[in-house]
Enquirer: 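The structure under discussion is supplied below as structure tokens; questions concerning it will follow.
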Amino acid sequence: MTPIALDKRLSQFVIHEYEALADPVNAVPMAAYMKTEMPFYGIPKPLRVPTYRRFKKEFAPANIAEYQDCISTLWGLSHREEKYAALEYAQMFDQYITSESLPLYERMVREGQWWDFVDTLAIALVGRVLYKERAKTKKVLDKWIRDDDMWIRRTAILAQNRHKAEADEQMLFGYCLKCAHEKEFFIRKAIGWALREYSYAAPMAVKRFVKENENVLSPLSVKEGVKQINRAKTK
């Protein structure tokens, strides 16, 4: 008898657990908040966490192929919480968060098309790859920042949000300027967010950059970018 593949066992487990926890009443406001027609089971995150805890113990991948298959299978399920499970699973196995997985992460950004998916992909996954393989990944993100897909550009901007003092300042500021002319809220917000995160490590550099480019950056980007700097002044 052929053993069931890991990704199939994992998806069956998630579906079984989530169907048991489903709350159709709660699903309505959850979908409304996310402004999506994608169905929700109606399970808040605290109730999903015990499921996540079993991922590493019971469904750890033996290689990168299994890792990617498990993510893809969960991502391909119909409910939003199942896609959240794919993102959680993806973050658990650091040894496979490499440039080899970038095409998968890129596909998920292009298919996700909303902040709850994209921001996790950008910061926790693509950003992690960039941190570990900076030169190789930067070549990819240099293309992404010019991509027609706004969510791909947002991903490139946010990728260094956890890098703090180890962020590539020239890359960060360059990406912000490349998209500074855009009117899209999610790009303007991303620029401000990225600058604010870097300001924890390099407040003077961010302050100088914003001052020198305030005629180019949107008011939203400026406000968000210097928020932490201004907050520190009042303490």
Enquirer: Consider only side-chain heavy atoms of I, L, V, M, F, W and Y, link residues closer than 4.5 Å, and tell whether Y131 and I97 are in one cluster.
Expert: no

Enquirer: Going by side-chain hydrogen bond (donor to acceptor under 3.5 Å, both in side chains), name the pairs with one or both residues in residues 17-30, residues two or more places apart or in two chains.
Expert: none

Enquirer: Inspect the contact between E81 and R48 and indicate whether a charged nitrogen and a carboxylate oxygen are less than 4.0 angstrom apart.
Expert: no

Enquirer: Hey, mind stepping through W151 and F186 against ring pair (Phe, Tyr, Trp, His ring centres under 6.0 Å) and telling me if it holds?
Expert: CA-CA 8 Å; W151 294 105; F186 286 104; 4.9 Å; yes

Enquirer: Going only through I, L, V, M, F, W and Y residues with side-chain contacts under 4.5 Å, is there a path from F209 to V216?
Expert: no

Enquirer: Check whether any side-chain N or O of K83 sits under 3.5 Å from a backbone N or O of L77 as a donor-acceptor pair, and report yes or no.
Expert: yes

Enquirer: State yes or no: do W114 and I152 share one hydrophobic cluster built from I, L, V, M, F, W and Y residues joined by side-chain heavy-atom distances below 4.5 Å, directly or via other members?
Expert: yes

Enquirer: Would you say the side chain of H163 lies within less than 4.5 Å of the side chain of L130, judging by non-hydrogen atoms?
Expert: yes

Enquirer: Cation-pi check for Y84 against K45: NZ or CZ below 6.0 Å from the six-membered ring centre and within 45 degrees of the axis, yes or no?
Expert: no

Enquirer: Is K8 atom NZ crowded by more than 12 heavy atoms from other residues, nucleotides or ligands, each under 6.0 Å away?
Expert: no

Enquirer: Side chains of S199 and Q228 only: does a donor on one sit below 3.5 Å from an acceptor on the other?
Expert: no

Enquirer: Atom NZ of residue position K164 - does it have more than 12 heavy atoms of other residues, nucleotides or ligands inside 6.0 Å?
Expert: yes

Enquirer: State, to 0.1 Å, how close A194 and L172 come at their nearest heavy-atom pair, and which atoms those are.
Expert: CB-CD1, 3.8 Å

Enquirer: Under the side-chain hydrogen bond (donor to acceptor under 3.5 Å, both in side chains) definition, can you give me all pairs with a residue in residues 177-191, not counting sequence neighbours?
Expert: R153-E182, K189-E224

Enquirer: Determine whether L6 and R9 make a side-chain contact, defined as any pair of heavy atoms from C-beta on separated by less than 4.5 Å.
Expert: yes

Enquirer: I need the minimum non-hydrogen distance between I71 and A90, along with the two atoms involved.
Expert: CD1-CB, 3.5 Å

Enquirer: Does this structure show an ion pair linking D94 with R128, if we count only N-O contacts that are shorter than 4.0 Å?
Expert: yes

Enquirer: Taking distance alone, no hydrogens or angles, what donor-acceptor pairs closer than 3.5 Å link side-chain atoms of residues 32-41 to residues at least two apart or in another chain?
Expert:
{"unit_1": "T36", "atom_1": "OG1", "unit_2": "M38", "atom_2": "N", "d": "2.9"}
{"unit_1": "T36", "atom_1": "OG1", "unit_2": "R80", "atom_2": "NH1", "d": "3.3"}
{"unit_1": "Y41", "atom_1": "OH", "unit_2": "E82", "atom_2": "OE2", "d": "2.5"}

Enquirer: Does CD belonging to E100 count more than 12 external heavy atoms closer than 6.0 Å?
Expert: no

Enquirer: Is there a donor-acceptor contact under 3.5 Å from the side chain of R54 to the main chain of P50?
Expert: no

Enquirer: So which of F13, F55, Y96 actually passes ring pair (Phe, Tyr, Trp, His ring centres under 6.0 Å) with Y89?
Expert: F55

Enquirer: Hey, is CD on Q95 packed in by over 12 heavy atoms from elsewhere, all under 6.0 Å?
Expert: yes

Enquirer: Measure the shortest side-chain to side-chain distance between R154 and D119 over non-hydrogen atoms and say whether it is less than 4.5 angstrom.
Expert: yes

Enquirer: Would V226 end up clustered with Y200 when hydrophobic side chains under 4.5 Å apart are linked, directly or stepwise?
Expert: no

Enquirer: Which residues, ordered by chain and number, are linked to W193 in its hydrophobic cluster, where ILVMFWY side chains connect at heavy-atom gaps below 4.5 Å, directly or through other members?
Expert: I123, L158

Enquirer: Considering only residues two or more places apart or on different chains, which pairs with a residue in residues 208-219 satisfy side-chain hydrogen bond (donor to acceptor under 3.5 Å, both in side chains)?
Expert: S218-S221

Enquirer: Would you indicate whether the side-chain heavy atoms of I64 and F93 approach each other to under 4.5 Å?
Expert: no

Enquirer: Does any donor atom in the side chain of Y198 or N161 lie under 3.5 Å from an acceptor atom in the other side chain?
Expert: no

Enquirer: Can you name the nearest heavy-atom pair linking L74 to S11, along with the distance?
Expert: CD2-CA, 3.9 Å

Enquirer: Do R134 and Q160 have side chains that get closer than 4.5 Å, going by heavy atoms?
Expert: yes

Enquirer: Between L102 and E106, is there a side-chain heavy-atom distance shorter than 4.5 Å?
Expert: no

Enquirer: Taking 4.0 angstrom as the limit, do K143 and D147 come out as a salt bridge?
Expert: no

Enquirer: Any heavy-atom pair between the side chains of V129 and T98 that's under 4.5 Å?
Expert: no

Enquirer: Please round to the nearest 0.5 Å and tell me the distance separating atom CG of L125 and atom OG1 of T120.
Expert: 7.5 Å

Enquirer: Not counting sequence neighbours, list each pair that qualifies as a side-chain hydrogen bond (donor to acceptor under 3.5 Å, both in side chains) and has a residue in residues 61-78.
Expert: D7-T73, Y67-Y105, Q68-S101, S72-R107, W75-E111

Enquirer: Counting neighbours of NZ on K227 that are heavy atoms of other residues, nucleotides or ligands and sit closer than 6.0 Å, is the number greater than 12?
Expert: yes

Enquirer: Same cluster or not: L217 versus L220, using hydrophobic residues (I, L, V, M, F, W, Y) connected whenever any side-chain heavy atoms lie under 4.5 Å apart?
Expert: yes

